[in-house]
K.L.:
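One structure is given below, represented as structure tokens, and several questions about it will come after.
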Amino acid sequence: LFHSEANQHDKALSHYSRVTTILEALVQLQPDDVQLQSDLAAAHNNIANILHENGRPAEALRSYGRARALQEALVRNNPKIVTFQHDLARSHINIGNVLHRTAKPREALECYERARQLLDDLATKNPEFTQFRSDLARSLDSIGVIYSYLQKPSDALEPYQRALTIREALVKNNPGVPIFRSELAASYNNIGNELLNTRKPEQAIASFKRGQAILQSLVQADPRDFSA
């Protein structure tokens with residue numbers, strides 16, 4: 001099984017490498033084609049994902065960095081195209097994830113903050129797009145995780161609580177979307193953990209119970225998805 005999975009990863013890496021080579025040539029021929037530049041960034045991102053999954057963080061960072069550089073140029077030259085801003089925010093998060101997992105929390109925090117700033121602006125200017133608000137909450141979670149890792153529970157609580165507020169609104173406005181409810185439960189759990197770390201056990205228990213109640217309702221609604 002291991003060799004089979006490794007072989008699949010090698011094939012995928014080879015495929016995206018070929019795609020990248022072709023796209024780089026096309027970008028050279030058509031430097032004003034923003035779609036080609038976006039596709040090239042996506043190809044670098046796919047390569048980085050595979051490298052990261054296979055425990056090659058230094059190489060993954062280089063590929064994520066190439067994707068981010070392309071996306072920064074796209075945002076700079078096309079400031080009204082929200083998709084490019086969203087892609088750039090995700091690249092900041094991807095890089096932050098690698099940095100966090102390679103024990104570079106402060107560098108990771110800087111990346112997460114950049115993503116948060118972009119997503120905050122996108123969510124404010126485009127309130128009709130729930131994806132922006134959902135990703136904003138996730139970026140706030142990432143910031144909270146870093147502060148928790150640095151043993152700063154009071155600092156972790158602020159982004160966790162803001163993520164909770166966003167998710168409460170998402171659930172209220174989209175009651176039929178299970179993932180929003182599941183992530184709301186996770187927010188209550190995150191806050192509960194930090195309340196324990198700040199020696200507020202009663203408040204922590206209350207937060208845990210609210211998260212548990214949401215998860216129980218999800219299990220009752222669809223045991224197949226949430227019973228594992």
K.L.:
Holding to side-chain contact (heavy atoms from CB on, under 4.5 Å), I want the full list of residues that pass it with Ser142, two or more places apart in sequence or in another chain.
P.N.:
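With sequence neighbours excluded, Ser142 shows a side-chain contact (heavy atoms from CB on, under 4.5 Å) to Tyr112, given in chain and number order.
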
K.L.:
Which atom pair, heavy atoms only, marks the closest approach of Ala137 to Ile166?
P.N.:
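Of all heavy-atom pairs spanning Ala137 and Ile166, the closest is CB-CG2, 4.1 Å.
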
K.L.:
Could you state the interatomic distance from OG1 (Thr83) to CD (Gln35), rounded to the nearest 0.5 Å?
P.N.:
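If I round to the nearest 0.5 Å, the distance is 9.0 Å.
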
K.L.:
When rounded to the nearest 0.5 angstrom, what distance separates CG in Leu118 from OG in Ser91?
P.N.:
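The distance works out to 10.5 Å.
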
K.L.:
side-chain hydrogen bond (donor to acceptor under 3.5 Å, both in side chains) with Ser154: which residues, sequence neighbours excluded?
P.N.:
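Residues passing side-chain hydrogen bond (donor to acceptor under 3.5 Å, both in side chains) with Ser154: none at all.
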
K.L.:
Salt-bridged, Arg114 to Glu110, with N to O below 4.0 Å?
P.N.:
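So Arg114 pairs with Glu110 through a salt bridge.
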
K.L.:
Please report the shortest heavy-atom distance between Asp87 and Ser38, naming the atom on each side.
P.N.:
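Taking Asp87 first and Ser38 second, the nearest heavy atoms are OD2-OG, 4.2 Å.
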
K.L.:
Is any side-chain heavy atom of His15 closer than 4.5 Å to one of Val19?
P.N.:
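Yes, close enough: below the 4.5 Å cut-off.
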
K.L.:
Taking all non-hydrogen atoms of both residues, which atom of Ala115 and which atom of Ile93 are closest, and how far apart?
P.N.:
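Closest approach of Ala115 to Ile93, heavy atoms only: CB-CG1, 3.5 Å.
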
K.L.:
Under the side chain to side chain contact (heavy atoms under 4.5 Å, CB included) rule, what do Gln71 and Arg66 come out as? Steps first, then yes or no, please.
P.N.:
CA-CA 9 Å; Gln71 289 158 350; Arg66 293 185 186 107; over 6 Å; no

K.L.:
Which Ile, Leu, Val, Met, Phe, Trp or Tyr residues join Leu196 in one cluster when any pair of side-chain heavy atoms under 4.5 Å counts as a link?
P.N.:
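Besides Leu196, the hydrophobic cluster comprises Phe208, listed by chain and residue number.
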
K.L.:
Report yes or no: do Leu74 and Leu36 belong to one cluster of Ile/Leu/Val/Met/Phe/Trp/Tyr joined by side chain heavy-atom distances under 4.5 Å?
P.N.:
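No, Leu74 does not connect to Leu36 through the hydrophobic network.
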
K.L.:
Grouping I, L, V, M, F, W and Y whenever their side-chain heavy atoms are under 4.5 Å apart, do Val98 and Ile47 come out in a common cluster?
P.N.:
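Val98 and Ile47: separate clusters.
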
K.L.:
side-chain hydrogen bond (donor to acceptor under 3.5 Å, both in side chains) with Gln85: which residues, sequence neighbours excluded?
P.N.:
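Listed in chain order: nothing, the list is empty.
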
K.L.:
What about Leu119 and Val75, same hydrophobic cluster or not, with Ile/Leu/Val/Met/Phe/Trp/Tyr joined at side-chain heavy-atom distances under 4.5 Å?
P.N.:
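Shared cluster, no.
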
K.L.:
Among all residues two or more places apart in sequence or in another chain, which pass the side-chain contact (heavy atoms from CB on, under 4.5 Å) test with Asn46?
P.N.:
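In terms of side-chain contact (heavy atoms from CB on, under 4.5 Å), with neighbours along the sequence ignored, Asn46 is linked to Tyr16, Asn49.
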
K.L.:
Using the side-chain contact (heavy atoms from CB on, under 4.5 Å) criterion, which residues pair with Glu24? Sequence neighbours excluded.
P.N.:
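Only Thr20, Leu40, His44 meet the side-chain contact (heavy atoms from CB on, under 4.5 Å) criterion with Glu24.
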
K.L.:
Apply salt bridge (Lys or Arg N to Asp or Glu O under 4.0 Å) to Arg210 and list each qualifying residue two or more places apart in sequence or on a separate chain.
P.N.:
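By the salt bridge (Lys or Arg N to Asp or Glu O under 4.0 Å) rule, Arg210 matches no residue at all.
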
K.L.:
Applying side-chain contact (heavy atoms from CB on, under 4.5 Å), name anything that partners Arg106, two or more places apart in sequence or on another chain.
P.N.:
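side-chain contact (heavy atoms from CB on, under 4.5 Å) check on Arg106 returns Leu150, Lys152.
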
K.L.:
Roughly how far apart are Arg68 CZ and Asn94 CG, rounded to 0.5 Å?
P.N.:
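Answer for the CZ-CG pair, Arg68 versus Asn94, is 10.5 Å.
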
K.L.:
Under 4.0 Å between a side-chain nitrogen and a carboxylate oxygen: does that hold for Glu59 and Arg56?
P.N.:
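Looking at Arg56 together with Glu59, the answer is yes, because their closest N to O distance falls below 4.0 Å.
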
K.L.:
Mind running side chain to side chain contact (heavy atoms under 4.5 Å, CB included) on Leu136 and Arg162 for me, showing each step along the way?
P.N.:
CA-CA 10 Å; Leu136 173 58; Arg162 190 170 172 217; 3.9 Å; yes

K.L.:
If you round to the nearest 0.5 Å, how far is CG of Asn174 from NZ of Lys172?
P.N.:
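One gets 12.0 Å once the value is rounded to the nearest 0.5 Å.
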
K.L.:
Test: side chain to side chain donor-acceptor pair (under 3.5 Å). Region: residues 126-135. Which pairs qualify, not counting sequence neighbours?
P.N.:
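Every side chain to side chain donor-acceptor pair (under 3.5 Å) pair that includes a residue of residues 126-135, provided the two are not neighbours, is His86-Asp135, Arg90-Asp135, Gln131-Asp135, Asp135-Arg138.
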
K.L.:
Could you see if Leu88 belongs to whatever hydrophobic cluster contains Leu99? Use Ile, Leu, Val, Met, Phe, Trp, Tyr and a side-chain cutoff under 4.5 Å.
P.N.:
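No, because Leu88 and Leu99 fall into different hydrophobic clusters, even though each may have its own neighbours under 4.5 Å.
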
K.L.:
For residues Gln216 and Gln212, determine if any side-chain heavy atom of one lies less than 4.5 Å from a side-chain heavy atom of the other.
P.N.:
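Gln216 vs Gln212: side chains touch.
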
K.L.:
Would you find a donor on one side and an acceptor on the other, under 3.5 Å apart, between the side chain of Ser207 and the backbone of Ala204?
P.N.:
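Between the backbone of Ala204 and the side chain of Ser207 there is no qualifying donor-acceptor contact (under 3.5 Å).
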
K.L.:
Would you check if Asn77 and Phe84 make a side-chain contact, meaning some heavy-atom pair closer than 4.5 Å?
P.N.:
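Answer no - side chains too far apart.
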
K.L.:
Please, which pairs that meet ring-ring contact (aromatic ring centres under 6.0 Å, His included) have at least one residue in residues 135-193, sequence neighbours excluded?
P.N.:
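ring-ring contact (aromatic ring centres under 6.0 Å, His included) check on residues 135-193 returns His100-Tyr149.
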
K.L.:
Working to the nearest 0.5 Å, report the span between OG of Ser14 and CG of Asp10.
P.N.:
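Between atom OG of Ser14 and atom CG of Asp10 there are 8.5 Å.
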
K.L.:
Treating Ile, Leu, Val, Met, Phe, Trp and Tyr as nodes and any side-chain heavy-atom pair under 4.5 angstrom as an edge, say whether Val82 and Leu70 lie in one connected cluster.
P.N.:
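No.
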
K.L.:
Could you give me the CA-CA distance, side-chain angles and deciding distance for Thr198 and Glu194, then say whether side chain to side chain contact (heavy atoms under 4.5 Å, CB included) is met?
P.N.:
CA-CA 6 Å; Thr198 54; Glu194 299 313 316; 5.6 Å; no

K.L.:
Is any side-chain heavy atom of Ser148 closer than 4.5 Å to one of Asn193?
P.N.:
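No. Closest side-chain heavy atoms not under 4.5 Å.
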
K.L.:
Which pair of heavy atoms, one from Ile146 and one from Pro105, lies closest together, and at what distance?
P.N.:
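Result for this residue pair: CG2-O, 3.6 Å.
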
K.L.:
Output all residues satisfying salt bridge (Lys or Arg N to Asp or Glu O under 4.0 Å) with Asp33, sequence neighbours left out; order by chain, then residue number.
P.N.:
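Listed in chain order: nothing, the list is empty.
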
K.L.:
Run the salt-bridge test on Asp141 and Arg167 with the 4.0 Å N-O cut-off and return the result as yes or no.
P.N.:
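Here Asp141 pairs with Arg167 in a salt bridge, since their nearest N and O are under 4.0 Å apart.
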
K.L.:
Report the C-alpha separation of Asn45 and Ser63 in whole Å, then their side-chain angles, then the decisive distance to 0.1 Å, and conclude whether the side chain to side chain contact (heavy atoms under 4.5 Å, CB included) test is met.
P.N.:
CA-CA 6 Å; Asn45 186 69; Ser63 288; over 6 Å; no

K.L.:
Taking salt bridge (Lys or Arg N to Asp or Glu O under 4.0 Å) as the definition, give me every residue that meets it alongside Glu72, ordered by chain and number, with sequence neighbours left out.
P.N.:
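Not a single residue meets the salt bridge (Lys or Arg N to Asp or Glu O under 4.0 Å) criterion with Glu72.
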
K.L.:
Between Ala185 and Gly211, which heavy-atom pair has the shortest distance, and what is it?
P.N.:
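Closest approach of Ala185 to Gly211, heavy atoms only: CB-O, 3.5 Å.
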
K.L.:
Could you state the interatomic distance from OG (Ser139) to CG (Asp120), rounded to the nearest 0.5 Å?
P.N.:
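Answer for the OG-CG pair, Ser139 versus Asp120, is 7.5 Å.
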
